Engineer: 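This is the structure I have questions about; it appears just below.
Quick caveat, the model's predicted, so the values are computed rather than measured. Lettering follows sequence order; numbering is per chain, from 1.
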Number of protein chains: 2
Amino acid sequence: MTTPRAERTRARLQACALELFTAQGYDATTVEQIATAAGVSHMTFFRHFPTKESVLVEDPYDPLIAEAVRAQPTDLPPLERVRRGLLGAWSAVPPPVDAETRKRVSIMAVHPGLRAKAWENNQRTEQVIVEALMAAGTSRLEATVAAGACLGAIMAALVQWGTTDDDAPLGAYIVTAMTQLDPTGGPR
Amino acid sequence: MTTPRAERTRARLQACALELFTAQGYDATTVEQIATAAGVSHMTFFRHFPTKESVLVEDPYDPLIAEAVRAQPTDLPPLERVRRGLLGAWSAVPPPVDAETRKRVSIMAVHPGLRAKAWENNQRTEQVIVEALMAAGTSRLEATVAAGACLGAIMAALVQWGTTDDDAPLGAYIVTAMTQLDPTGGPR
DNA sequence: CCAGGAAATGTTAGTAACTAACATTGCGTC
DNA sequence: GACGCAATGTTAGTTACTAACATTTCCTGG
């Protein structure tokens with residue numbers, strides 16, 4: 001039900017923000033500047049994005065991931081279920097990764113504060129995975145640890161992908177990360 | 001070389017902060033209030049702690065961890081080296097965990113923003129582990145993923161310990177977390 | 001005991017990310 | 001073309017944090 005006008009200003013804000021961030025750096029860019037560049041006031045910015053960082057992130061894949069984890073056979077250990085679930089979710093519905101995505105990740109990857117904020121998002125994903133596991137009888141501690149480990153690994157891979165020059169696809173990094181958590185050592 | 005006077009005000013600030021946080025919540029407590037409670041100005045607060053959150057955290061164990069990881073046999077896979085290193089560092093020099101520590105962790109555990117900030121600290125630890133692994137010839141990607149996975153698991157265990165009522169020692173949670181990453185399934 | 005100097009703290013003024021309350025403008029519908 | 005609601009603007013705050021400079025406190029040597 002989002003109005004087309006709102007959607008346009010939202011996109012404009014995102015584009016201007018990305019441009020300014022790459023041009024002069026994240027910290028050196030103020031919300032006021034972004035808003036002005038997009039032709040709106042700073043209040044409008046905050047109506048579309050709750051925080052300055054949120055203009056860089058968006059990640060509506062949580063339900064998908066939860067489903068993929070839930071679909072794993074319950075006789076596997078929790079860590080393995082999360083590992084296969086994440087891998088499966090990725091290969092089933094690979095999110096679009098374009099040049100803009102890369103730019104966004106790059107900005108985040110080199111900025112400790114932003115990486116931390118990105119982790120805040122991860123926490124929501126973690127919650128979702130934990131619930132999926134607990135629904136199958138796993139204890140909360142085991143579930144949280146399994147989710148934390150896998151997401152920690154994926155986050156690390158994401159940051160690496162964002163800082164390297166090499167133009168391998170993000171998917172390759174994700175697969176590497178998850179394979180490393182394979183107790184069998186995975187395919188060699 | 002820290003002067004005794006400075007050390008005392010630092011401690012006073014920490015104590016007052018903890019008290020106010022537990023009494024009225026982290027967000028509802030202003031730095032000004034903490035400073036006033038400690039009998040100093042807000043500038044003094046920031047001279048001792050770079051940010052508001054930093055009054056809750058401190059974690060000078062990075063060198064220890066790096067050493068423990070470095071000491072692992074290099075023919076083990078990276079993840080296993082980190083896993084054993086962290087487990088070893090913990091059992092070798094368990095940090096003092098008192099009621100105050102628990103209070104601090106509790107405050108952090110229920111506050112998403114604070115958890116994210118705590119992750120910012122983790123990143124420094126991650127860096128240290130990555131360097132230790134790379135010194136033994138591991139690729140940066142593999143090293144980062146191994147460190148990210150283990151720290152993600154430990155972080156998850158820490159948060160669980162901070163939110164549960166059960167008074168099991170933190171060490172038990174850490175061991176559980178690391179055991180879950182054991183590819184052999186660990187001791188049953 | 002007191003003077004000198006450095007470390008710790010205070011004062012003041014400023015920036016930037018947010019928030020709340022209320023006014024205004026644009027845009028589709030009847 | 002008026003009406004009504006969503007999107008935006010204005011204004012005035014609060015709070016974390018920084019910089020520059022003034023002041024106090026405390027230790028040390030004479």
Engineer: Measure from CD on A:E32 to P on D:dT11 and round the result to the nearest Å.
Structural biologist: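 After rounding, the reported distance stands at 12 Å.
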
Engineer: Do any side-chain nitrogens or oxygens of B:T44 fall under 4.0 Å of OP1 or OP2 in C:dG10?
Structural biologist: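 Indeed, a polar side-chain atom of B:T44 lies that close.
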
Engineer: Roughly how many Å is it from CE in A:M43 to C1' in D:dT11, rounded to a whole number?
Structural biologist: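 Interatomic distance, CE of A:M43 to C1' of D:dT11: 11 Å.
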
Engineer: Look at A:E120 together with A:K117 and state whether they make a salt bridge at an N to O cut-off of under 4.0 Å.
Structural biologist: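 Answer for the salt bridge query: yes.
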
Engineer: Which part of the nucleic acid, if any, lies within reach of A:T29 when heavy atoms closer than 4.0 Å are counted: base, sugar-phosphate only, or nothing?
Structural biologist: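 Sugar-phosphate: the residue A:T29, judged by heavy atoms under 4.0 Å, touches backbone atoms but no base.
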
Engineer: Strictly below 4.0 Å: does A:T3 bring a side-chain N or O up to OP1 or OP2 of C:dC27?
Structural biologist: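 False: A:T3 side-chain N/O out of range (4.0 Å or more) of C:dC27 OP1/OP2.
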
Engineer: Nearest whole angstrom, please: distance from the C1' of C:dT11 to the CZ of B:F45.
Structural biologist: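 Checked: the CZ to C1' distance equals 19 Å.
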
Engineer: Could you tell me the separation between the CZ atom of A:R47 and the C1' atom of D:dG9, rounded to a whole number of Å?
Structural biologist: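 It works out to 7 Å between those atoms.
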
Engineer: For A:Q24, I'd like to know if atom CD has over 12 heavy atoms of other residues, nucleotides or ligands within 6.0 Å.
Structural biologist: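 Yes, because the 6.0 Å sphere around CD of A:Q24 holds more than 12 heavy atoms from other groups.
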
Engineer: On DNA chain D, check which nucleotide each of B:E53 and B:R5 is closest to and give me the residue with the more 5' one.
Structural biologist: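 Result: B:E53.
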
Engineer: Does C:dT9 have OP1 or OP2 sitting under 4.0 Å from an N or O in the side chain of B:T9?
Structural biologist: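 Indeed, a polar side-chain atom of B:T9 lies that close.
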
Engineer: How long is the line joining CZ of A:R8 and P of C:dG26, in whole Å?
Structural biologist: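 These atoms are roughly 13 Å apart.
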
Engineer: With heavy-atom distances below 4.5 Å as the criterion, would you say the side chains of A:I174 and A:L170 are in contact?
Structural biologist: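 Side chain of A:I174 against side chain of A:L170, heavy atoms only: contact under 4.5 Å found.
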
Engineer: Which residue, B:K52 or B:P4, contacts DNA chain D at a nucleotide closer to its 5' end, judged by nearest heavy atom?
Structural biologist: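 With B:K52 and B:P4 compared, the 5'-side residue is B:K52.
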
Engineer: Output the rounded distance in Å from CD (A:E7) to P (D:dA7).
Structural biologist: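 Rounding to the nearest Å, CD of A:E7 and P of D:dA7 are 11 Å apart.
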
Engineer: Could you check how far CD of A:Q24 sits from P of C:dA16, rounded to whole Å?
Structural biologist: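 For the pair A:Q24 CD and C:dA16 P, the rounded distance is 12 Å.
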
Engineer: Looking at A:T51, I'd like to know whether one of its side-chain N or O atoms comes within less than 4.0 Å of OP1 or OP2 on C:dA17.
Structural biologist: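 A:T51 to C:dA17 OP1/OP2: no side-chain N or O under 4.0 Å.
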
Engineer: Determine the interplanar angle of the B:F49 and B:F45 rings, folded into 0 to 90°, and report it as parallel if under 30°, tilted if 30 to 60°, perpendicular if over 60°.
Structural biologist: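 Tilted, since the angle between the ring planes falls between 30° and 60°.
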
Engineer: Once you round it to whole Å, what is the distance between P of C:dA16 and OH of A:Y26?
Structural biologist: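 Between P of C:dA16 and OH of A:Y26: 14 Å.
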
Engineer: Does A:H42 have a side-chain nitrogen or oxygen under 4.0 Å from the phosphate oxygens OP1 or OP2 of C:dT19?
Structural biologist: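 It does not, given that no N or O in the side chain of A:H42 lies less than 4.0 Å from OP1 or OP2 of C:dT19.
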
Engineer: Please check this pair: side chain of B:Q180 against backbone of A:V145, looking for a donor-acceptor N/O pair closer than 3.5 Å.
Structural biologist: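 Looks like no, no N/O pair under 3.5 Å.
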
